[in-house]
Amino acid sequence: MTEGEFQECMIILGYRYNAKTGTAFNSFEGFRDLIMFVEKENRYVLYLDCLCKGVQELQSVNEKMKKFHSEHKNYVLKAEYKKRRINIVLKMTIDSDIDKDELKALVHFMTELCKSGDITPICRVCSRNRKTGLYVVGKEVMPICEACVGRKRRLYEKRKNVFQNKTQNMPGGIAGAVFGSFLGAAVYVLLYQLFPMYGAGSVIISVLTFLGFIVTGIRATKKSAVICAAISCVVFLAAEYAALVFNSAVSIEHLGGGIAVAEAVDITNFSLQDKGYLLSILPEISIGITLIVLSGVVYLIKRAKTRPTKISKNIL
């Protein structure tokens, strides 16, 4: 079923549709049914924020969900009540007529469940039985009460002002990133002598590089994340080489040869010319660089999650 067919089907079933989020929604006696069109995963996902009135009601809801799952086992991938939310997932097939029939059955089941008296509608944020509207928060539709919407909007304005007032200092940020990476490299070389690192210590370099940029650069962006990752990779390679040299120097000193850094450099350079030795340390280097890249990805995800999220008007 295409998104257009899904939208048409849900409108026929009495739902409205929000194209931005790909979500069909309905309001019934205070309940806010949300059915999302998740094309990437070939799923239709229903959410209903609600609270069971008691233990018996909870048991009743679970039995009804189990029965619905059993009756539509070829198409229902999940049907559960968890964390004050009903979640039902339908499989998207290549037959639009089948999908329409299953969505119709789902809508009928949810209507009967809302009429049962076993559950009460709640706000997504405070989980209280209050009158809610439907708001688009980022890319998700949520039932939220007026009090929580007010708090969220005030928080959004506050964070937006803080975010907009920050001016990035790129030269200072790069200087801080370089300092942080060198500090991380020193820690890496020291720890390398104490126990096998297998490249995992590169995370120390990466984290201190990012922290260095944030402290002196004031504001971090996607561009600065790429710059920090590049600096971390270069410094990690230098730290790996320094760790090997230092390791050779320590070995020479243990053999009674004193501290011979120049000799340790020559030994390390000669060893790196041997393909067997080079291949033995490549996995360590690969792991280190991979972890640096993953650290950058984690930073970007965190940045996306912590950016102020705009809240729409009530779409009901």
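FYI, the numbering just counts along the sequence from 1.
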Is it true that a side-chain atom of [X] and a backbone atom of [Y] form a donor plus acceptor pair closer than 3.5 Å?
X    : Y    : result
S206 : S202 : no
S286 : L282 : yes
T132 : C145 : no
E63  : S60  : no
N247 : A243 : no
N87  : L46  : yes
K53  : G117 : yes
R153 : R151 : no
S280 : Y277 : yes
Q193 : V189 : yes

- Item | Closest heavy-atom pair and its distance - L48, R32 |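 Minimum heavy-atom separation between L48 and R32: CD1-O, 3.5 Å.
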- Message: For a quick test of reading the model, state the closest non-hydrogen atom pair linking Y299 to S224 and the distance between them.
- Response: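 Looking at all heavy atoms of both residues, the closest pair is OH-OG, 4.4 Å.
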- So do Y241 and V265 actually touch side chain to side chain, heavy atoms under 4.5 Å?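 Side chain of V265 against side chain of Y241, heavy atoms only: contact under 4.5 Å found.
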Any side-chain donor-acceptor pair under 3.5 Å between [X] and [Y]?
X    : Y   : answer
T93  : D99 : yes
N18  : T21 : yes
Y17  : E8  : no
D118 : Y81 : no

Evaluate whether atom [atom1] of [X] has more than 12 neighbouring non-hydrogen atoms of other residues, nucleotides or ligands under 6.0 angstrom away.
X    : atom1 : answer
E71  : CD    : yes
L194 : CG    : yes
F28  : CZ    : yes

Between atom [atom1] of [X] and atom [atom2] of [Y], what is the distance when rounded to the nearest 0.5 Å?
X    : Y    : atom1 : atom2 : result
E112 : K64  : CD    : NZ    : 8.5 Å
C52  : R84  : SG    : CZ    : 11.0 Å
F182 : I231 : CZ    : CD1   : 9.0 Å
Y47  : R85  : OH    : CZ    : 6.0 Å
L278 : L272 : CG    : CG    : 6.5 Å
L77  : H72  : CG    : NE2   : 13.5 Å

- Check the pair S181 / S232 against side-chain hydrogen bond (donor to acceptor under 3.5 Å, both in side chains), numbers first and verdict last. CA-CA 6 Å; S181 65; S232 297; over 6 Å; no
- Task: Just do the salt bridge (charged side-chain N to carboxylate O under 4.0 Å, His left out) check on K66 and E80 with the steps written out, would you?
- Result: CA-CA 8 Å; K66 186 177 180 180; E80 65 178 10; over 6 Å; no
- Query: Cationic tip of R16 within the cone over F25's six-membered ring, i.e. under 6.0 Å and within 45° of the normal?
  - Reply: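 No, R16 does not sit over the ring of F25.
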- Full working for side-chain hydrogen bond (donor to acceptor under 3.5 Å, both in side chains) between E102 and Y44: CA-CA 10 Å; E102 291 302 315; Y44 305 104; over 6 Å; no
- Assess whether side-chain hydrogen bond (donor to acceptor under 3.5 Å, both in side chains) is satisfied between D33 and Y15, documenting all intermediate values. CA-CA 9 Å; D33 284 346; Y15 281 63; 3.3 Å; yes
